[in-house]
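To start, the structure itself, in structure tokens.
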There are 2 protein chains.
Amino acid sequence: METTATTTDSCAGPVHADRRPDGQDRYTISEVVAFTGLTAHTLRWYERIGLMPHIDRSHTGQRRYSNRDLDWLELVGKLRLTGMPVADMVRYAELVREGDHTYGDRFELLKATREDVLARIAELQDTLAVLDRKINFYADAGRALASERS
Amino acid sequence: METTATTTDSCAGPVHADRRPDGQDRYTISEVVAFTGLTAHTLRWYERIGLMPHIDRSHTGQRRYSNRDLDWLELVGKLRLTGMPVADMVRYAELVREGDHTYGDRFELLKATREDVLARIAELQDTLAVLDRKINFYADAGRALASERS
DNA sequence: TAGGACCCTGGAGTGCACTCCAAGCAAGCG
DNA sequence: CGCTTGCTTGGAGTGCACTCCAGGGTCCTA
């Protein structure tokens, strides 16, 4: 059986406490699960769809992730919560694999993403305002009911 | 045939320009499509799953939306882009239908949502920082390449 | 009164991002 | 040696939020 999200990950912050120094950075998949909060299924799936570079393997064929892979996963995690579709992230991964001559394209892609993020933040702040109006309404209504009961 | 998103909705802002005054507020579904940017399919689906109150009907059974319905859809739109699951919005809609005695629950739900939104904004700002670091890196790399070529 | 645009329904289909399964290999331990 | 735990694979399954379809009724204008 495969353990998926066993230990209580009470707070899903980036807890990369015990990263090993470069040179000894050969993490098993379950270690990466602990670092990233992703499931092993998802990590393997990311690799299949080309969102990860080909991961190094042990002599018996098991995955061994490097610090570089962890960095990449951290970026992917950030991009993911901007709502960027996985397909776009794969596109970016392809650009990275294709080499230095894609710097321009990557730059454009990141700038476009940046604009998206700014727009989303603005939307959320707008929503926050609506929410606060409603919250105030219900707070007042609650006080009114309380005084009515007294 | 059903027209879904025919006219060029170049900018999906809340363009509620020509709302009719209360009393004559009986909009067809396609008018609501124009207001909200949702498809007619989605509007009917929202009703089916209980995310909308039962919409008034014309004498032949066609939907006639009111200003109140439009207001509700505007709130739903906001909540939707916070990432709130539709099921939670349905829960809120149920509370509204149940009457005034659910004010407390609604208050709690909105407060929890508010916290979520704040957290998401923080995440996005964090992501923005990462993005900006990368963008600067690629900008520098671009300049380096340019000077190399000259 | 004919034509075209609009609207109705229940149920089936789609796309995305995972998520899980079965069957099997491998490593460490008593 | 057997047991448990962890890792491997390709492919199938899941849940969400729509999205569409067939087959039919309605509204408006010429």
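Letters A, B, ... mirror the listed sequences (proteins, then strands); counts begin at 1.
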[X] side chain N/O closer than 4.0 Å to the phosphate oxygens (OP1, OP2) of [N]?
X	N	answer
B:R44	C:dT9	no
A:R63	D:dT9	yes
B:Y46	D:dC18	yes
B:T42	D:dA17	no
B:S30	C:dC7	yes
A:R80	C:dC18	yes
B:T39	D:dC18	no

Check the distance between [N]'s [atom2] and [X]'s [atom1] and give it to me in whole angstrom.
X	N	atom1	atom2	answer
A:H41	D:dG11	NE2	C1'	13 Å
A:I49	C:dC16	CD1	C1'	10 Å
A:R91	C:dC16	CZ	P	17 Å
A:R48	C:dC20	CZ	P	14 Å
A:L43	D:dT9	CG	P	12 Å
A:W45	D:dG13	CH2	P	18 Å
B:E31	C:dC6	CD	C1'	12 Å
A:Y65	D:dC7	OH	P	10 Å

Between B:R19 and B:D25, does at least one N-O distance fall below 4.0 Å, as a salt bridge requires?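 A salt bridge is absent here (no side-chain N lies under 4.0 Å from a carboxylate O).
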Parallel, tilted or perpendicular: rings of A:F35 and A:Y27 (30°, 60°):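 The arrangement is perpendicular - the two ring planes meet at more than 60°.
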Pairs flagged by ring-ring contact (aromatic ring centres under 6.0 Å, His included) wherever residues 114-141 of chain B is involved - sequence neighbours left out: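 Residue pairs passing ring-ring contact (aromatic ring centres under 6.0 Å, His included), neighbours aside: A:Y103-B:Y138.
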Heavy atoms from C-beta onward define the side chain here; which of D:dC7, C:dA17, C:dA27 lies closest to that of A:I29?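 Nearest to the side chain of A:I29 among the choices is D:dC7.
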Closest listed nucleotide, where the reference is the side chain of B:Q62 and the choices are C:dC7, D:dT19, D:dC7: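 Of all the options, the side chain of B:Q62 is nearest to C:dC7.
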Does anything in residues 95-116 of chain B pair up under salt bridge (charged side-chain N to carboxylate O under 4.0 Å, His left out), and if so which pairs, sequence neighbours excluded?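 Those involving residues 95-116 of chain B are A:D132-B:R114.
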Does any non-hydrogen side-chain atom of B:W72 lie less than 4.5 Å from one of B:M52?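 Heavy-atom side-chain distance check passes, below 4.5 Å.
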Does B:R57 reach a base, just sugar-phosphate, or nothing at all? Heavy atoms under 4.0 Å.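 Result for B:R57 = sugar-phosphate.
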With nearest nucleotides of DNA chain D determined for A:T28 and B:H59 from heavy-atom distances, which residue corresponds to the more 5′ nucleotide?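 This one resolves to A:T28.
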